[in-house]
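Reviewing the structure listed below.
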2 protein chains.
Amino acid sequence: MDKREQLVRVAFDLFYREGVHAVGINRVLAESGVAKKTLYHHFPGKDDLLAATVGYRDALFVGWLQERLRGIPAGRDALLALFDALDDWFHGRDDRILPFHGCYFINVSAEYGDPTHPVHIQCARHKTAVRAILEPHVEKVASSDIEREALLDAVCLLKEGAIVRAHVESNGDAAREARQILARLMAV
Amino acid sequence: MDKREQLVRVAFDLFYREGVHAVGINRVLAESGVAKKTLYHHFPGKDDLLAATVGYRDALFVGWLQERLRGIPAGRDALLALFDALDDWFHGRDDRILPFHGCYFINVSAEYGDPTHPVHIQCARHKTAVRAILEPHVEKVASSDIEREALLDAVCLLKEGAIVRAHVESNGDAAREARQILARLMAV
DNA sequence: ATCAAAGTAGACCGATCTGTCTACTTTTAG
DNA sequence: CTAAAAGTAGACAGATCGGTCTACTTTGAT
């Protein structure tokens with residue numbers, strides 16, 4: 001059992017559910033059953049552990065999304081499948097992604113609001129990565145370059161909007177609402 | 001000078017810029033120049049001060065939004081004006097709203113992720129209140145009840161999406177992107 | 001003028017924070 | 001077999017946390 005991995009998993013779980021500043025290093029140690037010395041052997045400090053949890057979640061989420069889109073015809077269907085995936089996530093119907101407590105990257109960015117902070121930048125990069133995954137599917141749907149950019153923006157805006165509304169307002173319909181709007185946009 | 005108001009303003013400013021858990025009560029006292037006894041005379045504890053900051057920001061934001069929509073023809077124009085207002089907010093071009101550090105209600109919800117927590121509920125209510133402000137304008141544009149609900153959802157989703165993308169990704173174009181998509185939706 | 005309410009400064013409390021360190025044990029690779 | 005690497009438990013340090021309290025001063029309404 002890799003202690004480093006163990007620490008990152010437990011830290012992510014706690015940070016995600018309760019917030020980064022609300023969870024002390026000692027909580028992480030107690031719940032992971034790892035010694036303090038070991039933590040500071042792998043990470044210089046809490047910030048570095050946090051950065052590792054962001055990286056962990058990034059890989060997890062991107063992997064999950066790609067798996068959800070695999071096998072679905074590229075283009076229109078895949079973009080709609082994104083929102084089906086979100087809907088399953090919000091309702092805890094997909095075991096491959098952990099229970100929904102909002103978007104970890106939005107949550108962390110909220111606690112580290114300074115856009116020049118390394119961990120904030122890391123969160124921004126995740127969003128860029130997800131956008132890059134969606135880009136080729138938009139390509140198949142859009143007729144012009146302008147269309148392509150606008151549609152990609154729409155998908156990303158609706159995605160973020162759905163996640164936020166699902167979390168802040170406990171709105172379980174958010175993903176389906178966003179899906180419907182996207183369908184209408186693509187019908188034009 | 002109302003000490004209570006003073007405390008709420010300073011606390012909001014600090015919580016908004018640095019996060020709730022990251023800012024101690026002593027910081028609030030030092031920066032507001034108020035004695036600790038006075039704080040605990042007005043508020044039972046930090047949570048109550050936090051709740052007051054959320055109420056303060058709610059009133060401020062709702063007032064600002066209503067002012068921005070005043071004088072604009074109800075309906076289509078007002079909905080587009082919402083995103084013009086957001087664009088000004090993101091770029092610090094409107095002195096009536098404080099500099100942009102994301103949505104306070106999203107940020108607070110991120111730190112208080114439990115949807116049953118009083119302060120989380122308070123944040124959710126703010127979102128409902130803003131939705132209620134937009135509702136009559138959607139009414140003027142939509143042709144049917146189904147249209148009405150879908151369009152209102154779209155406006156709210158795009159609004160949240162724009163705020164998140166502006167903050168997390170430091171995307172200054174987010175509001176204009178959202179505006180363009182809404183315009184297209186209403187053109188149908 | 002008086003008296004209660006609201007304010008001041010700041011010592012103090014126990015708890016918790018991040019991070020360091022000692023002393024010892026287990027694991028693993030050559 | 002052995003030596004380095006990685007692990008353990010937990011005491012400890014200094015700072016800060018939210019919150020209480022004493023002792024005193026200012027303010028404002030009657």
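Each chain gets a letter, A, B and so on, in the order the sequences are listed, and its residues count up from 1. The shown structure was predicted, so the numbers you read here are calculated from the model rather than taken from an experiment.
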remark   = Atom NE2 of B:His41 and atom P of C:dA4 are separated, to the nearest Å, by 15 Å
ask   = With sequence neighbours excluded, what pairs up with B:Arg27 under the salt bridge (charged side-chain N to carboxylate O under 4.0 Å, His left out) test?
value = B:Glu18, B:Glu31
Residues B:Tyr16, B:Thr53; criterion side chain to side chain donor-acceptor pair (under 3.5 Å); working and verdict = CA-CA 9 Å; B:Tyr16 183 36; B:Thr53 66; over 6 Å; no
B:Phe43 CZ - D:dT20 C1' separation (whole Å) = 18 Å
For atom NE2 of B:His42 and atom P of C:dA5, their distance in whole Å = 14 Å
query = Does B:Tyr112 have its ring centroid less than 6.0 Å away from the ring centroid of B:His120?
reply = no
task = Measure the CG-CZ distance between A:Leu49 and A:Phe15 for me, rounded to the nearest 0.5 Å.
result = 5.0 Å
note = Rounded to whole Å, CD of A:Gln6 lies from P of D:dA6 at a distance of 16 Å
Distance, rounded to the nearest Å, where A:Asp2 contributes CG and D:dA5 contributes C1' = 14 Å
key: Rounded distance (Å) that lies between atom C1' of D:dG18 and atom CG of B:Leu39   = 10 Å
inquiry  = Assess whether a salt bridge exists between B:Asp2 and B:Arg4, defined as any Lys/Arg side-chain N lying under 4.0 Å from an Asp/Glu carboxylate O.
reply    = no
request  = Would you mind listing every side-chain hydrogen bond (donor to acceptor under 3.5 Å, both in side chains) that reaches into residues 145-157 of chain A, with sequence neighbours excluded?
outcome  = A:Arg131-A:Glu149, A:Arg131-A:Asp153, A:Glu135-A:Arg148, A:Glu147-B:Arg184
request  = List the protein contact pattern of nucleotides 16-24 of chain C with one symbol per nucleotide (5' to 3'): B for base contact, S for sugar-phosphate-only contact, - for none; contact means a heavy-atom distance under 4.0 Å.
outcome  = -SBBBBB--
